[in-house]
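In what follows, every chain begins at residue 1, and chains take the letters A, B, ... in the order their sequences are listed.
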Number of protein chains: 2
Amino acid sequence: MSQPTMDDVAAKAGVSRALVSLVMRQSPRVSEHNRAKVLAVASDLGYRPNTAARNLATGQTHTIGAMLNDIHNPFFTAVAEGASKAAADAGLHLLLSSGWQRSEGETEAIEMLLGMRTDGLLLASPRLSHVTISEFATQAPTVIIGVWGPWTDMDSLNNDEDHGAELVVDHLTKLGHKRIAHVSGNLPAGGEQRRSAFANAMMKRGLAPIIIDGDFNEKAGYDGAASLMALHDRPTAIFAGNDLSAIGVMSRLHELGLRVPEDVSVIGYDDTNIAGISAISLTTIHQPREEIGTLAIQLLVERIAGRTEDRHEELKPRLVKRSSTAPVATA
Amino acid sequence: MSQPTMDDVAAKAGVSRALVSLVMRQSPRVSEHNRAKVLAVASDLGYRPNTAARNLATGQTHTIGAMLNDIHNPFFTAVAEGASKAAADAGLHLLLSSGWQRSEGETEAIEMLLGMRTDGLLLASPRLSHVTISEFATQAPTVIIGVWGPWTDMDSLNNDEDHGAELVVDHLTKLGHKRIAHVSGNLPAGGEQRRSAFANAMMKRGLAPIIIDGDFNEKAGYDGAASLMALHDRPTAIFAGNDLSAIGVMSRLHELGLRVPEDVSVIGYDDTNIAGISAISLTTIHQPREEIGTLAIQLLVERIAGRTEDRHEELKPRLVKRSSTAPVATA
DNA sequence: CAGCGTTCTGTAAACGTTTTCATGAGATTT
DNA sequence: AAATCTCATGAAAACGTTTACAGAACGCTG
């Protein structure tokens with residue numbers, strides 16, 4: 001025989017099922033005496049309300065489903081941590097899932113969450129098309145993080161990419177760099193905006209943007225750096241799509257016998273824990289990671305409470321200067 | 001009005017609810033013609049089976065709940081990735097949750113998973129007491145990773161700590177180190193076994209183990225290194241509880257103006273991605289992370305299928321030599 | 001003792017599926 | 001035309017809760 005049910009608890013405690021239900025839902029209209037008895041019996045029996053049944057009856061799950069682009073990326077786990085805390089404060093649970101960097105994986109994960117009828121959906125930089133995302137968003141209150149799009153009937157939370165790229169290019173050009181390359185992140189997952197912001201910031205200064213299509217991971221940086229260093233007019237600085245990619249860039253440069261920052265300056269994005277490690281000390285663009293998670297939950301909570309107007313928030317990043325960037329070598 | 005139900009689909013497709021149910025469960029006893037029509041209508045309506053209702057009716061969730069000690073630790077995310085793939089292959093979903101390095105957080109997360117009646121429970125190095133874990137394990141097929149205990153009615157998957165410590169101490173002593181310190185990991189979460197294995201390996205060689213209580217994160221390494229370097233008889237090598245902690249150790253040493261490995265050798269554990277970064281190049285003990293996840297799911301699947309004997313697997317780790325360890329300086 | 005408020009009971013419907021079963025309708029084979 | 005086979009139907013019960021409601025038991029107050 002399997003798990004005990006409410007009826008089992010009621011029978012053993014000598015009360016009605018309705019009373020047990022009230023106790024489980026922390027209703028105040030239960031005598032202290034009976035509440036204690038029911039809880040005692042419940043823990044004795046190892047009873048635990050069946051959430052599937054509860055969800056079915058109430059139509060509410062008190063759960064937010066989060067789909068993270070890449071659980072290996074500290075940026076997303078920090079966002080998730082912020083979200084998890086905020087959700088707990090709001091009496092909600094956060095259910096994590098990841099697409100493991102594959103778009104089909106993301107689709108599956110979101111389908112699962114929608115099937116469970118989570119009260120809300122938190123999409124962190126999905127790799128899916130705008131159309132697909134918009135379709136999913138019709139099924140539950142949704143907030144999307146880190147992807148620009150013509151979002152309607154959902155909320156979004158974005159980094160001010162223009163400002164970020166401006167910070168990067170400003171910093172590097174002030175150090176005398178002119179040949180600056182960008183290893184872009186995965187385009188659907190927010191890399192597009194960053195790439196074009198970089199291109200604009202460069203052109204504005206009359207500089208030619210060098211761009212390599214990549215992804216938001218170590219491998220892309222590693223591969224990208226190789227291609228860039230094979231150019232006969234090597235860039236003197238590399239702006240990686242994010243910190244992970246920057247790490248890949250640094251690894252490859254190291255293997256090529258090039259020093260950072262003496263030979264090549266490298267700059268990342270996100271200011272994840274990795275960037276702060278002394279041995280790495282990566283100059284990067286800081287984003288308020290946990291805050292992003294908190295804010296996302298706040299937006300969802302408002303939605304769930306009934307807000308219907310869309311909100312599209314934009315956060316300003318800032319530069320964190322460490323030791324991976326330096327004045328261009330005067331060759 | 002909310003989400004469409006099976007009846008809505010049935011009505012619109014002009015078939016019975018039973019038929020829609022058959023289609024949704026991919027039954028083969030449905031004509032191609034009707035299957036297509038039902039699927040068309042379903043997607044038209046945006047219909048998606050309600051898993052709560054389905055779970056209730058079948059008593060199965062086809063879901064494994066995973067509780068990760070620390071989602072920021074690449075070791076656990078790699079385990080999760082392996083588990084996720086294996087689960088998908090077995091027709092199961094993996095639901096992630098984390099206790100965010102707090103034991104109450106872990107309790108909550110597990111309670112939630114049990115409430116959802118997941119078919120199995122995957123506990124990755126929980127920080128909870130043996131008693132608490134054993135209680136949870138009575139409620140669902142459970143496999144625990146990385147914690148030694150007197151487990152009964154559950155499976156476990158462990159690293160051969162004696163072998164690992166032996167590798168560490170052997171490597172360091174062969175390099176001439178005698179004053180070797182260990183910044184231990186969080187004890188309930190598996191740090192205890194590693195610590196005592198280290199102590200044994202040292203004593204066996206007539207060496208005094210220097211041990212600092214820590215945790216499996218960067219901060220612990222950072223703090224631990226400070227304490228160790230304040231000793232008047234400084235250790236010449238530090239064995240960190242895991243890679244994260246080793247990073248913390250290296251950061252602090254760097255700040256203290258000490259070079260790795262010239263002044264102090266550092267060795268980590270887990271061989272996470274971080275260890276392989278060229279700029280870090282951490283000597284560490286390798287564990288087959290994804291395989292661990294895969295194996296864990298396999299154990300759970302067997303359990304769910306009815307196996308009742310306990311299985312306790314032990315995996316042998318191996319040393320990966322990089323550049324954070326070197327012969328002791330002849331002062 | 002009447003009246004009142006609080007706490008509890010028992011019953012029943014509802015949530016959206018799955019599952020079973022007896023029956024029926026069509027198509028295909030003999 | 002009869003027999004067989006495949007596919008579909010409709011009804012009903014079940015899963016474990018929540019929720020609503022009418023009424024009962026109880027202890028207090030006046």
Between A:Asp155 and A:Arg311, does any side-chain N to carboxylate O distance fall below 4.0 Å?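 A:Arg311 and A:Asp155: not salt-bridged.
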
Can we say B:Glu106 and B:Arg102 salt-bridge, meaning some charged N sits less than 4.0 Å from an Asp/Glu carboxylate O?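 Looking at B:Glu106 and B:Arg102, the cut-off is not met.
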
Over how many whole Å does the gap from [X] atom [atom1] to [N] atom [atom2] extend?
X	N	atom1	atom2	value
A:Lys37	C:dC8	NZ	P	10 Å
A:His33	D:dC26	NE2	P	14 Å
B:Leu19	C:dG24	CG	C1'	14 Å
A:Arg29	D:dC21	CZ	P	13 Å

Non-hydrogen side-chain atoms of B:Leu121 and B:Val143 separated by less than 4.5 Å: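 Heavy-atom side-chain distance check fails, nothing below 4.5 Å.
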
Give every pair of a protein N or O atom and an N or O atom of nucleotides 16-18 of chain D that lie under 3.5 Å apart, one pair per line with the distance.
unit_1	atom_1	unit_2	atom_2	d
D:dG16	N2	A:Ala53	O	3.4
D:dT17	OP1	A:Tyr47	OH	2.9
D:dT17	OP2	A:Met6	N	2.9
D:dT17	O5'	A:Tyr47	OH	3.2
D:dT17	O4	A:Arg17	NH1	3.3
D:dT18	OP1	A:Arg54	NE	2.9
D:dT18	OP1	A:Arg54	NH2	3.1
D:dT18	OP2	A:Ser21	OG	2.5
D:dT18	O4	A:Arg17	NH1	3.0

N or O in side chain of [X] less than 4.0 angstrom from [N] OP1/OP2:
X	N	result
A:Ser31	C:dC8	yes
A:Asn55	C:dC15	no
B:Asn34	D:dA8	yes

Regarding A:Gly115, tell me which of base, sugar-phosphate or nothing describes its non-hydrogen contacts under 4.0 Å with the strands shown. nothing

So, B:Thr61 versus B:Asn55: side-chain donor-acceptor pair below 3.5 Å or not?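 B:Thr61 vs B:Asn55: no donor-acceptor pair found between side chains.
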
Can a donor-acceptor pair be found, under 3.5 Å and without considering hydrogens, that links the side chain of B:Thr142 to the backbone of B:Thr138? no

Just to verify, what does A:Asp89 make a salt bridge (Lys or Arg N to Asp or Glu O under 4.0 Å) with, not counting sequence neighbours?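 Listed in chain order: nothing, the list is empty.
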
Hey, which of B:Phe136, B:Trp151, B:Trp148 is the one that makes ring-ring contact (aromatic ring centres under 6.0 Å, His included) with B:His130?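 Considering B:Phe136, B:Trp151, B:Trp148, a ring-ring contact (aromatic ring centres under 6.0 Å, His included) with B:His130 is found only for B:Trp151.
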
Residue pair B:Arg127, B:Asp70: steps toward the salt bridge (Lys or Arg N to Asp or Glu O under 4.0 Å) verdict: CA-CA 10 Å; B:Arg127 289 164 183 260; B:Asp70 179 11; 5.9 Å; no

To the nearest 10 degrees, the angle between the two end axes of the helix from C:dC1-D:dG30 to C:dT30-D:dA1 (five pairs per end) comes to 30°

For A:Pro49 versus A:Met24, what's the shortest heavy-atom pair and its separation? CG-SD, 4.0 Å

